[in-house]
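Take a look at the structure below.
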Amino acid sequence: LLYFRPWVRKFQFFQVELDRIEVRIVRAPGAEAPQPELDEIAAQMKVIMGQGCATEFIFTDEIPPGASGKYRYTVSRVSRPHRREGPAEG
């Protein structure tokens, strides 16, 4: 969604809640984000994540690497449901 956009230097999709995504963007020097492109990205996020998904754009000077020292394009803080191992009790 954000590759090949000249105004984007670096980005990260950060899932805060099941239905809320922060799109963190470091802009290219001197560049502004065109509103029609932001609207297009938000619309595409709804197609991917569902119509109830809210997209918030956060413009920042830097996106730090994770605890491992690696840069991650996607991060989720949504906990996964626990699956029960073995046969179900009944």
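Side-chain atoms of I63 and I25, non-hydrogen and from C-beta on, never get closer than 4.5 Å to each other. Annotation: side chain of M45 is in contact with side chain of L1 (closest heavy-atom distance under 4.5 Å). Side-chain atoms of K10 and R24, non-hydrogen and from C-beta on, never get closer than 4.5 Å to each other. Residues V26 and T60 meet the side-chain proximity criterion, which asks for heavy atoms closer than 4.5 Å.
Grouping the Ile, Leu, Val, Met, Phe, Trp and Tyr side chains by contacts below 4.5 angstrom, directly or via other members, places I58 apart from L38.
Within 6.0 Å of OH in Y73 there are 12 or fewer heavy atoms belonging to other residues, nucleotides or ligands.
Annotation: cation-pi pair R27/F59 present, NZ/CZ under 6.0 Å from the ring centroid and within 45° of its normal.
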Review point. side-chain contact (heavy atoms from CB on, under 4.5 Å) between F14 and V23: does it pass, once the steps are laid out?
Key: CA-CA 6 Å; F14 196 95; V23 182; over 6 Å; no
Check your understanding: Could you go step by step and tell me if E17 and R77 meet the salt bridge (charged side-chain N to carboxylate O under 4.0 Å, His left out) rule?
Key -> CA-CA 7 Å; E17 297 173 10; R77 293 291 180 240; over 6 Å; no
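Side-chain atoms of K46 never come within 3.5 Å of backbone atoms of G52 as a donor-acceptor pair (strictly under, hydrogens ignored). Judged purely by atom type and a 3.5 angstrom limit, E22 has no side-chain atom pairing as donor or acceptor with the backbone of F57.
For the atom pair CE of M49 and CD1 of I21, the computed distance is 4.0 Å after rounding to the nearest 0.5 Å. The CD atom of E32 sits 12.5 Å away from the CD atom of E37 when rounded to the nearest 0.5 Å.
Checked for salt-bridge contact, E40 and R5 meet the test: a charged N lies under 4.0 Å from a carboxylate O.
Between A28 and P6, the shortest heavy-atom contact is CB-O, 3.4 Å.
With respect to F13, the side-chain contact (heavy atoms from CB on, under 4.5 Å) criterion is satisfied by exactly one of L2, V75, I48, T55: L2.
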